[in-house]
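Just the heavy atoms: all of them, side chains too, but no hydrogens, waters or symmetry mates, feed the values below. Nothing here was measured: the structure is a model prediction, and the numbers come from that model. Below, read A as the first sequence line, B as the second, and so on, with proteins coming before strands; counting in each chain starts at 1.
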Protein chains: 2
Amino acid sequence: MDEIDELLSIRAAELYYEENKTQDEIGQALRLTRWKVGRLLAQAKQQGFIRIEILHPRARRLPIERRLRDERGLTDAVVVSSAGVASAEELQARTAQAAADYLTSLRPVPRTLGVSWGRTLFEISQHLRNGWASGVNVVQINGGVSLNRRPGTAAATAVGIAQKAGGSATLLPSPAILERLETKHAIEADRVVAGVIDLARSADAYLFSAGAADHTSVHVESGYLSEGDVDLLVQKGAVGDVVGRYIDSDGNIVDPALDARTVGLTLDELRAASLGVAVIAGRAKHAVADAVVRSGLCSVLVTDEATALHLLDG
Amino acid sequence: MDEIDELLSIRAAELYYEENKTQDEIGQALRLTRWKVGRLLAQAKQQGFIRIEILHPRARRLPIERRLRDERGLTDAVVVSSAGVASAEELQARTAQAAADYLTSLRPVPRTLGVSWGRTLFEISQHLRNGWASGVNVVQINGGVSLNRRPGTAAATAVGIAQKAGGSATLLPSPAILERLETKHAIEADRVVAGVIDLARSADAYLFSAGAADHTSVHVESGYLSEGDVDLLVQKGAVGDVVGRYIDSDGNIVDPALDARTVGLTLDELRAASLGVAVIAGRAKHAVADAVVRSGLCSVLVTDEATALHLLDG
DNA sequence: GCACATCGTGCTCAGATGAGCAGCATCCTC
DNA sequence: GAGGATGCTGCTCATCTGAGCACGATGTGC
């Protein structure tokens, strides 16, 4: 397109999009045929001179979702728009809302849903409407008794999701990470615990998030890991955790010994699931999100625009 | 619009604007009739959920131009888009380009064009194409011999504009502001100077900018005023200057004594002109721009989006 | 309980738009 | 300079879209 046409296409776009003129009227104003105007507008669009944004908290970016599906092999993707987002919290809320919406629209409705816990999951549980489904049983897929602050958010998450769906919640009565391997084996040998884990393995769908490998981690907050532990994991290449298991950028377990002391579904079990919905948003989680998608830990990703673009650029 | 419709309108907008589906296809996807989809899209637009921006250095904001004409009584207005502008310099360049474009498109072509000088005018002269008109004679409308740095930009501006239009430039061989009133009278009495001012008075059109009342002023840079002088003018209510004459927010002369020592067209002569094009852009000039428009110093304003909105909000 | 106003719905119809096509100018190759 | 390739132009035609209208559902006041 030469300079003249470029300018004309801008003039035409102004009249078309800002003044709501018809292509015919624009043709008269610019002394062009209406076909030429149509072509100029098409060129302006195609060259990216026209940006159309949907400004709404619930707005999604379908073209990016498509690219995630096509280029990263996901079964499905939900990308919330970042347009007009003021804070990280708002982005988190939008993403949680989108995850809740996605869950609600799932067909067939899963009879058993395996969930992890954490800030993201808790927020999703709050965004779900009462009666979002009927008769979904929820089972925790990783250990989740909080040691320190905010006791019970893990339980509250699972119970909340279940109650709002008119189902029941099955909690995994175990710490997330145990200090000694023997204790972990003993706990897993417990009839109740083993039963819950079996149930978790048989879930129709999984919903989980991922944590960044930094000091803001819920594992630090909950007291399972010290800040020093996390630093060490980062040194070994950790980019974050999924269901309490720390992975590197390829999705491999960073510290097998630590992993062996972690209670819940293994990553391979998660990978084998036919439906695994990961909800990961925010700048801090770009690296984990990449690792999760790259290593096939989820089949569906719910995320924000910036994170999605990060996955596609890499 | 209730919540359900709001969400539907967003879903419809996503499919319509991002996926280029027809309203009929969207209707099938969302289980709605195509009329309902059309109404949802109209609502989404009307509620401001849809933002369409034209991303181009030459893009203008026609609706704002219309409001400037209608609400501020201007004969014409040119408002350049701020979309995607990174720096104040870029905004300045866009505005200068728009002014050059406007000048080029003026019909009838002015035979004599009165111009002021300064950074903005110089930039406009650079953005004009060779042959932008044929046979336009340019005359300086205010004194413009630079005392200190950048000697000759005042002359270069007028000469540049004239040369590119295949015309000649008439310079006003006088300082902008004289130290003593007697000297000013003496200069004005000079046959050549008087002739130039007479020619300036008879110009068909005027092109000028305005300066902010701060230390970045060209009058400080050129040595006509000290920083202290400007501070004093600000104390007296000055918001900026037009052709070297400092005005308050109502467009009145702030310091009549200083004004009497300033060489060139008076503001009243400028106001009486049938075609006066003011080119004013940038955050620092919001106040002057307002004063210029409010007091009818120009009939046409070329400015940027933010400045225009400032004029309309006030 | 009834008449009325209001609103949303699905329709007709005309105007606006995009796809595809033939004609023409321009440019390149030999 | 002839022939052919390329690309732009203005057209026809089918489709898409918005305005306006009639109908029925819902809600309201007497």
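- One interatomic measurement links the two molecules: CG of B:Leu8 to P of C:dT9, which rounds to 10 Å at whole-angstrom precision.
- Between C:dG15 and A:Gln23, no contact under 4.0 Å exists linking OP1 or OP2 to a side-chain N or O.
- Where A:Leu41 and B:Trp35 meet DNA chain C, the nucleotide closest to each residue was compared, and B:Trp35 sits on the side nearer the 5' end.
- Side-chain nitrogen and oxygen atoms of A:Tyr16 include none within less than 4.0 Å of the OP1 or OP2 phosphate oxygen of C:dA16.
- Between the CG atom of B:Asn20 and the P atom of C:dT17 there is a distance of 16 Å, given to the nearest Å.
- Taking atom CD of residue B:Gln28 and atom C1' of nucleotide C:dG10, one finds them 16 Å apart after rounding to whole Å.
- Side-chain contact check for B:Thr104 versus B:Leu128: some heavy-atom pair is nearer than 4.5 Å.
- Distance A:Arg31 CZ to D:dT9 P: 17 Å, rounded to the nearest Å.
- Here the P atom of nucleotide D:dG18 and the CG atom of B:Asp24 are 12 Å apart, to the nearest Å.
- Separating the CG atom of A:Leu30 from the P atom of D:dT9 is a distance of 14 Å, rounded to the nearest angstrom.
- The base of C:dG18 lies outside donor-acceptor range of the side chain of A:Arg39, with no N or O pair under 3.5 Å.
- Distance NZ (B:Lys21) to P (C:dG18): 18 Å, rounded to an integer number of Å.
- Side-chain atoms of B:Glu14 and A:Ile54, non-hydrogen and from C-beta on, do get closer than 4.5 Å to each other.
- Residues B:Ser299 and B:Leu275 share a closest heavy-atom pair of OG-CA, 3.5 Å.
- Summarising the geometry, the separation between CD1 on B:Ile26 and P on D:dG18 is reported as 10 Å, rounded to the nearest angstrom.
- Toward the 5' end of DNA chain D, the nearer of the two residues B:Gly38 and A:Leu32, judged by each one's closest nucleotide, is A:Leu32.
- The shortest side-chain heavy-atom distance between B:Asp76 and B:Arg69 falls under the 4.5 Å cut-off.
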